Amino acid sequence: MMITEIPKFHETFNPILEILKNGEKIHSREMQRLVIEKFYSNLPEEFLKEKTKSGEILINNRIAWGKSYLKKGGYINYPERGFVQITEKGLKQNSLLDLKTVVGEEGEINFYIPENSKSTHEINIEKIDNASPQDLIDKGFEQIEFEIKNDLLSKLKGIDPYYFEKVILILLKKMGYGDFFETSKSSDGGIDGIINEDKLGLDKIYMQAKRFSENKVREKDIRNFIGAMSGDTNKGVFVTTSMFDLHAVEKAKNAHHKIILIDGNKLVDLMYEFNVGIQIKNIYEVKQLDEDFFYEQ
């Protein structure tokens, strides 16, 4: 069967057991490699290289969580540091494992109490679904990012138009371009700012910023922008908080000048990436076992 997406962590249960079914102990990294090689090598290269928010290869992360759940369920064990081995329970598992079977009828599993713990105090059990803990972390960050970008775009649509122009120039400066200066507001001729493309100012880029709430940028706006560009540059950036209609996009695409269009969504993506108009509130560390630390060459 052709697999067309990265497996969920619980979908790695059976591939892991299949690799371990000969009963030999194997290093966790080698097990990971064999699972990918046998079951997921047909995935597109970009899938195999996809990373979590913390920078770990996503498919490796899913297999690692699958391994952890199988360990808690008693299907595999860790015979020595860094190694994994199937148990008798795992060898006797004849049917395909699913998440409900591994975590029990109540759909719950606890990763914070040792298997042999005899503590009688009440414990809060972490409920799970088809998402691994890493998936939940990533989903949480995605939700926060989505809400921040929505708030950022709303704020941009409400600020003074002249200050909006300055925000764009600050962003371009943060992105690594050279110095900039704002043009006169009384006679800018459609040019809101001029940016040095490099630190030495060897080439210039003209900038136009339209702070629209709802209206789209039209072909006429692009045509006026191109007409206002003098002969000392053929490069321009047109930024808006809204969108460009199809005719505006075509006009920019077919122009003799090099015109880059940045709509509202792209704008907040860049502001988020380069920390313009936002600040870092908290930094969290996500830790994992260092398998290499315990691996004897």
Side-chain angles (χ1 to χ4, degrees), residues 46 49-58 60-62 65 126 131-185 188 191-201 203-217 225 235-244 259-288 290:
E46 60 268 24
K49 290 182 178 179
E50 187 175 342
K51 295 183 178 181
T52 66
K53 292 289 185 181
S54 59
E56 183 182 0
I57 297 296
L58 180 57
N60 289 344
N61 180 271
R62 296 277 173 86
W65 280 110
E126 182 78 11
S132 72
Q134 183 66 54
D135 292 334
L136 296 175
I137 291 172
D138 288 352
K139 183 60 67 175
F141 273 104
E142 287 174 4
Q143 181 64 29
I144 292 171
E145 180 178 332
F146 176 79
E147 292 176 0
I148 289 173
K149 288 179 178 178
N150 269 346
D151 291 344
L152 188 57
L153 187 56
S154 177
K155 182 69 69 175
L156 289 171
K157 289 181 177 181
I159 64 175
D160 179 83
Y162 291 158
Y163 187 70
F164 174 63
E165 296 167 7
K166 176 169 277 187
V167 168
I168 304 306
L169 293 170
I170 292 171
L171 170 62
L172 292 169
K173 177 75 171 178
K174 273 285 197 79
M175 291 173 65
Y177 293 95
D179 292 331
F180 65 83
F181 63 90
E182 299 170 79
T183 57
S184 171
K185 301 310 171 190
D188 65 1
I191 303 299
D192 295 323
I194 300 175
I195 312 108
N196 289 326
E197 186 173 9
D198 54 82
K199 302 294 184 182
L200 297 177
D203 206 353
K204 291 181 173 26
I205 301 172
Y206 283 9
M207 189 276 295
Q208 173 73 62
K210 289 288 187 185
R211 193 218 54 154
F212 288 159
S213 294
E214 300 297 336
N215 295 334
K216 292 183 179 181
V217 175
F225 177 51
K235 299 176 182 178
V237 178
F238 200 115
V239 188
T240 181
T241 50
S242 61
M243 300 172 63
F244 299 90
I259 308 297
I260 300 300
L261 304 182
I262 300 177
D263 64 14
N265 289 335
K266 179 63 175 177
L267 175 58
V268 294
D269 284 345
L270 290 171
M271 292 181 68
Y272 189 90
E273 178 180 354
F274 291 94
N275 292 324
V276 176
I278 62 174
Q279 58 184 344
I280 298 174
K281 183 177 181 181
N282 292 307
I283 297 177
Y284 298 95
E285 291 184 338
V286 179
K287 300 184 179 183
Q288 64 180 21
D290 183 358

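In this text, all values refer to a predicted model and were calculated from it rather than measured experimentally. What's counted below: heavy atoms across the whole structure, side chains too, no hydrogens, waters or symmetry copies. Residues take their numbers from the sequence shown, with the count starting at 1.
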Original post:
More than 12 foreign heavy atoms under 6.0 Å from CZ of Phe212: is that the case here?
Top reply: yes
**OP:** Establish, from distance only, whether the side-chain atoms of Gln134 and Asp138 form a donor-acceptor pair under 3.5 Å.
**Re:** yes
**OP:** Start with the C-alpha distance between Ile148 and Tyr272, add both sets of side-chain angles, then the distance that settles side chain to side chain contact (heavy atoms under 4.5 Å, CB included), and finish with yes or no.
**Re:** CA-CA 8 Å; Ile148 289 173; Tyr272 189 90; 4.1 Å; yes
**OP:** Taking Asp160 for its side chain and Tyr163 for its backbone only, find out whether a donor-acceptor pair lies under 3.5 Å.
**Re:** yes
Original post:
Mind checking whether Val239 and Val237 have side chains closer than 4.5 Å, heavy atoms only?
Top reply: yes
Subject >> Student check: side-chain heavy atoms of Leu172 and Ile168 closer than 4.5 Å >> reply: yes
Subject >> Non-hydrogen side-chain atoms of Met271 and Val167 separated by less than 4.5 Å >> reply: yes
Subject >> Main-chain N/O of Lys157 paired to Arg211 side chain as donor or acceptor, under 3.5 Å >> reply: yes
Subject >> side chain to side chain contact (heavy atoms under 4.5 Å, CB included) partner of Asp192, the single match among Lys210, Met207, Lys166 >> reply: Met207
Original post:
Is a salt bridge present between Arg62 and Asp135, judged by a nitrogen-to-oxygen distance below 4.0 Å?
Top reply: yes
Original post:
Is the Lys NZ or Arg CZ of Lys174 less than 6.0 Å from the centre of Phe274's six-membered ring, within 45° of the axis?
Top reply: no
Original post:
Between Phe238 and Ile260, is any pair of side-chain heavy atoms under 4.5 Å apart?
Top reply: no
**OP:** Could you tell me which non-hydrogen atom of Asp263 sits nearest to which non-hydrogen atom of Phe244, and how far apart they are?
**Re:** N-CE1, 3.7 Å
Subject >> side chain to side chain contact (heavy atoms under 4.5 Å, CB included) assessment of Ile191 paired with Phe225 >> reply: CA-CA 7 Å; Ile191 303 299; Phe225 177 51; 3.5 Å; yes
Original post:
In terms of side-chain geometry, is the basic nitrogen of Lys51 or Glu56 positioned less than 4.0 Å from the acidic oxygen of its partner?
Top reply: no
Subject >> Any Phe164 side-chain heavy atom under 4.5 Å of Leu156 side chain >> reply: yes
